[in-house]
2 protein chains.
Amino acid sequence: MGRQAVTIRDVAREAKVSVATVSRALNGHSNVAEPVRRQVLEVARRLRYSPHGAARSLSSRSTQTIGVVLPDLHGEFFSELIRGIDAVARARGRRLLLSSYHGDPDEQGAALRAMRGRVDGLLVMSPYGDRPGFLAENLPQLLPVVLINTHQPEPAWPALEIDNHAGAVAMVEHLLALGHRRIAFIGGPAHNHDARERLRGFRDAIAAHPGAVGEEYPGEFDEASGHRAGRAILASGTRPDAVFAANDMMALGCLYAFVQAGVRVPGDIALAGFDDIPLARFVHPSLTTMRVSIAALGERALARLLEQIEAGADGAETAGAAAGAAQVMVPELVVRESSGREAARAQARRGRPGKGRE
Amino acid sequence: MGRQAVTIRDVAREAKVSVATVSRALNGHSNVAEPVRRQVLEVARRLRYSPHGAARSLSSRSTQTIGVVLPDLHGEFFSELIRGIDAVARARGRRLLLSSYHGDPDEQGAALRAMRGRVDGLLVMSPYGDRPGFLAENLPQLLPVVLINTHQPEPAWPALEIDNHAGAVAMVEHLLALGHRRIAFIGGPAHNHDARERLRGFRDAIAAHPGAVGEEYPGEFDEASGHRAGRAILASGTRPDAVFAANDMMALGCLYAFVQAGVRVPGDIALAGFDDIPLARFVHPSLTTMRVSIAALGERALARLLEQIEAGADGAETAGAAAGAAQVMVPELVVRESSGREAARAQARRGRPGKGRE
DNA sequence: CTGAAAGCGCTTACAG
DNA sequence: CTGAAAGCGCTTACAG
């Protein structure tokens with residue numbers, strides 16, 4: 001005692017039955033006599049026995065664990081995504097094995113390969129979906145996979161993603177409807193798929209409206225780059241009517257720059273973001289943005305993965321069959337003060353947007 | 001092929017060596033002839049072989065995985081904590097097996113027991129440390145453990161925690177130094193250890209200063225309860241000079257209530273929070289608060305756990321020995337606008353607080 | 001340097 | 001309903 005962990009053999013010896021019977025009793029199989037079952041459970045409790053996870057996984061070929069491989073584990077987006085995944089995992093009695101790789105493709109490859117024999121399925125978000133062969137080479141064979149916000153040139157795995165293009169178009173149309181004509185866009189990282197799609201939506205929407213004028217400023221999805229962009233916008237010769245930042249963090253950084261310069265939002269210049277992070281409604285003025293339910297994205301991704309896992313042991317085959325086009329989630333316009341007070345009121349009166357959490 | 005995963009036997013057969021040699025080659029043991037090693041690696045690569053995690057763990061008695069059991073996985077606090085843990089885990093080549101239990105003690109017990117045979121050590125945060133026997137009964141025996149922000153009546157495991165009491169005292173003293181006399185405190189959940197310690201600090205600091213007057217309002221650590229408390233404070237007969245919310249989220253909710261009521265901060269009433277969440281510096285006015293480096297807490301907790309793990313296989317013994325008093329991390333006062341503009345300037349001029357990220 | 005064999009702690013047909 | 005035995009896929013003394 002004290003040195004060696006208690007195993008199923010200890011329980012069997014103490015309960016005077018075979019390990020097979022202990023296993024069956026503990027796993028709730030029906031073919032165990034009731035008094036025997038009780039005896040086993042009682043001994044297991046008394047010895048504080050817990051089954052050895054690796055041993056159980058190895059022999060049962062099931063881990064009750066879901067692998068989650070993400071670019072990062074912290075920050076608003078991943079936190080919400082994990083919340084959604086966690087909610088479903090808990091409800092379905094699954095554990096979560098998380099890995100992050102911080103932008104290193106090799107590390108992501110290693111993380112994916114390390115999942116073999118540890119999980120029953122994989123939720124993966126990768127910016128490298130575009131690289132030929134990357135996913136095929138790094139995703140464990142035979143393991144059900146659902147991709148999240150990961151662009152696949154040719155869909156080979158089931159996937160869920162946010163329709164960033166549609167969201168950006170909706171925001172530009174909102175700004176135009178408020179009478180703003182010259183609109184500055186603060187973009188995200190060039191290699192980021194969300195950022196690219198939002199940029200594409202911005203350009204398409206501007207191009208579709210004669211009279212609309214677009215300008216673009218670079219950004220990195222963080223406050224600091226939003227702040228820099230805000231200063232650059234103020235320093236530019238002609239001040240735009242509105243600024244559309246590709247995410248809320250940059251919009252906040254930009255707002256901060258405007259506040260520092262004494263420029264009033266939305267009086268002097270309108271402002272909008274993307275994501276609807278919790279802070280968006282707390283800043284002053286509150287921020288007009290596109291609401292993306294990240295948690296719902298996580299929930300649906302795991303739900304879909306569990307369908308595959310439960311559909312049968314024929315992992316890859318099922319996955320291949322279920323692939324097809326990515327399932328798309330469309331963001332919702334949330335009108336608040338920053339895009340133009342009067343118009344916001346007018347829209348609110350008509351009872352349209354922003355009826356959610358406001 | 002296609003149906004069966006490739007195992008070490010497939011690699012051995014293909015490379016014309018024994019499985020033992022494959023294992024040694026793949027694990028970088030030195031006792032493998034160079035040409036043989038190359039051949040094995042080449043075959044493994046070609047077959048896209050990855051070792052089976054459970055099998056490897058079972059036979060090597062090591063998982064390279066750290067179990068993390070937290071009340072919740074999302075939200076600012078846990079997100080930051082996980083960030084710190086993740087940073088160290090990545091640097092040291094460890095994976096993270098996460099479990100949340102959302103306030104259900106039975107579920108936490110189950111999560112803890114399920115870790116056996118899946119992890120090499122455990123990072124645990126639990127509000128049930130006070131219940132007699134809870135930790136002793138639920139923590140897997142023989143597994144190194146470090147507790148985070150978990151109160152133990154009699155220290156039995158190594159632990160790290162935030163010194164919330166000292167933080168609250170420091171904040172009250174700051175408010176008093178600014179000339180505020182009547183101070184309202186918005187508390188957190190009654191069963192929450194952090195909340196209780198902050199409340200205790202508030203009371204002690206008020207009691208230590210003749211002339212200071214304290215009032216208390218209930219809260220739940222979320223924006224909504226801060227908002228309610230803010231309204232209750234305005235509705236009360238005598239308006240306090242300052243409000244000290246036990247966390248930033250409530251401070252923001254309170255601020256929102258004040259803004260709605262046309263009450264100016266800090267002109268009409270000063271406001272302070274606790275935690276220094278990222279938004280704290282973006283709201284208007286920016287929020288005076290206590291900075292708690294949650295990420296550092298996570299980093300240090302895992303670093304300490306790894307020390308134990310690497311110290312030897314004698315898990316519980318080492319753990320017991322290393323226990324002693326909890327290692328304490330003291331929050332830092334960050335003075336911004338909300339606690340009183342003039343005073344903040346004055347302090348800034350003296351070059352004291354808030355020199356961090358500002 | 002290499003291989004045959006035992007063993008990690010379970011689960012699960014297979015007999016009875 | 002129960003047990004003896006094989007097997008899950010690895011690692012690691014033990015011999016040589």
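Residue numbers start from 1 in every chain, and the chains themselves are labelled A, B, ... in the order their sequence lines are given, proteins ahead of strands.
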In whole angstrom, give the distance that lies between atom [atom1] of [X] and atom [atom2] of [N].
X	N	atom1	atom2	result
A:Leu58	C:dG7	CG	P	17 Å
A:Asp10	C:dG9	CG	C1'	11 Å
A:His52	D:dC10	NE2	C1'	13 Å
A:Arg13	C:dG9	CZ	P	12 Å
A:Arg118	D:dG9	CZ	P	15 Å

Base-pairing mate for D:dA4 - Watson-Crick or G-U, with both contacts under 3.5 Å:
none
D:dA13: pairing nucleotide in any strand, Watson-Crick or G-U under 3.5 angstrom
none
Which heavy atom of B:Val19 sits nearest a heavy atom of B:Arg9, and at what distance?
CG1-CA, 3.9 Å
Dump the intermediate steps for side-chain hydrogen bond (donor to acceptor under 3.5 Å, both in side chains) on B:Asn27 and B:Arg56, then the final yes or no.
CA-CA 11 Å; B:Asn27 289 313; B:Arg56 194 212 275 259; 3.0 Å; yes
Starting at CG of B:Asp10, measure out to OG1 of B:Thr7 and round the result to the nearest 0.5 Å.
4.0 Å
So CG of B:Asp120 and CD of B:Gln64: to nearest 0.5 Å the spacing works out to 6.0 Å
Under 4.0 Å between a side-chain N or O of B:Arg61 and OP1 or OP2 of C:dG7?
no
For D:dC10, does OP1 or OP2 lie under 4.0 Å from any side-chain N or O of B:Arg9?
no
Touch class at under 4.0 angstrom, heavy-atom based, for B:Arg116 against every strand present:
sugar-phosphate
Which nucleotides of nucleotides 11-16 of chain D have their base under 4.0 Å from a protein heavy atom (B), which only their sugar-phosphate (S), and which neither (-), written as one string 5' to 3'?
SBB---
Any donor-acceptor pair under 3.5 Å from B:Asp72 side chain to B:His102 backbone
no
Test side-chain contact (heavy atoms from CB on, under 4.5 Å) applied to B:Val146 and B:Gln327, B:Glu307, B:Gln308, the passing residue:
B:Gln308
